[in-house]
Amino acid sequence: MAVPWYPRSWAALAAALTLLLVTGCGGDDVPPPTAESSSPAPGPPSGTPAQPTGSAGPDGGGSVEEDIQAAVSVTNTYWQTHWSQLFTGDYSPPRVTGAYDGDTPGTPVCGDAPLPDDNAVYCPDGDYIAWDMDLMRWGHARGDAWVYLVIAHEWGHAVQNRLDAGLVDLARELQADCLAGAVLFGAAQDGTLTFEDGDTEELADALTALADRTPWTDVSDHGDASQRVSYFSRGARSGVKSCLPNGIQ
Ligand SMILES: [Zn+2]
């Protein structure tokens, strides 16, 4: 993914994502879950990350740090631009404290708990977003869309924290995926983000890699791969309002 925008067909992107819903995410080869969560989760393998096979078209070529910076900017710009069309009140961005290393002493804390290793978080206590750089580097090696998904998802939790309770879905992890889809595809429509060849596949890959092995049953669950792709795609197709309870299905 890249900024700025070079025109590309929105319809083609939507079609590609729909196709992925049908053909992708079989679930048989889902790697161990590495998703952000409030509980420690097994992270990306330490040591030598496994390189994906068949991944990625030509990426923007940015470093992981550059892509993170772009993802933060694109996501914040989307919410800043559209907030008043969607919700009452003024938009305020969360703080972005950014990179940490959950593997070393002195990891920042959220409340009383150290930030989780190989993970990413929105911390309501302090209203900030942070990520373990090991997670970002590991995912970025699979494709640059990874960091856009992680940041847009965590930003979705910050948005949830700003909404009336009635607008927050009980399945809040899946709602955060939906909001991430709405933001990334909405940004493409706004012209602040370019989808490159392979990006939609990378997004589906990332959602699958970060999924639970089992379907959503509890408020802390992330949902299985097909659920995560489904919620992300709903937001991508139909926007933020479709992510709200009783939204457009
Ligand atoms: Zn989450």
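Indexing begins at 1, ligand by ligand and atom by atom, following the structure's order. Throughout, numbering of the chain's residues begins at 1 and tracks the sequence.
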*Asks:* Is the Zn ion (ligand 1) less than 2.8 Å from an N/O/S atom of Glu154, whether that atom is in the backbone or a side chain?
*Replies:* no
*Asks:* Give me the ring orientation class for His153 and His222: parallel if the planes are under 30° apart, tilted from 30 to 60°, perpendicular past 60°.
*Replies:* parallel
*Asks:* Which value, rounded to 10°, describes the NE2(His153)-the Zn ion (ligand 1)-OE1(Glu173) angle?
*Replies:* 100°
*Asks:* Is it true that Asp134 and Arg137 make a salt bridge, defined as a side-chain N closer than 4.0 Å to a carboxylate O?
*Replies:* yes
*Asks:* For Glu65, enumerate each residue passing the side-chain contact (heavy atoms from CB on, under 4.5 Å) test, keeping only those at least two apart in sequence or located in another chain.
*Replies:* Ser63, Met133
*Asks:* Which residues pass the side-chain hydrogen bond (donor to acceptor under 3.5 Å, both in side chains) test with Asp218, not counting sequence neighbours?
*Replies:* Ser220
*Asks:* Would you say the Zn ion (ligand 1) has His157 as a near neighbour, meaning an N/O/S atom of that residue under 2.8 Å away?
*Replies:* yes
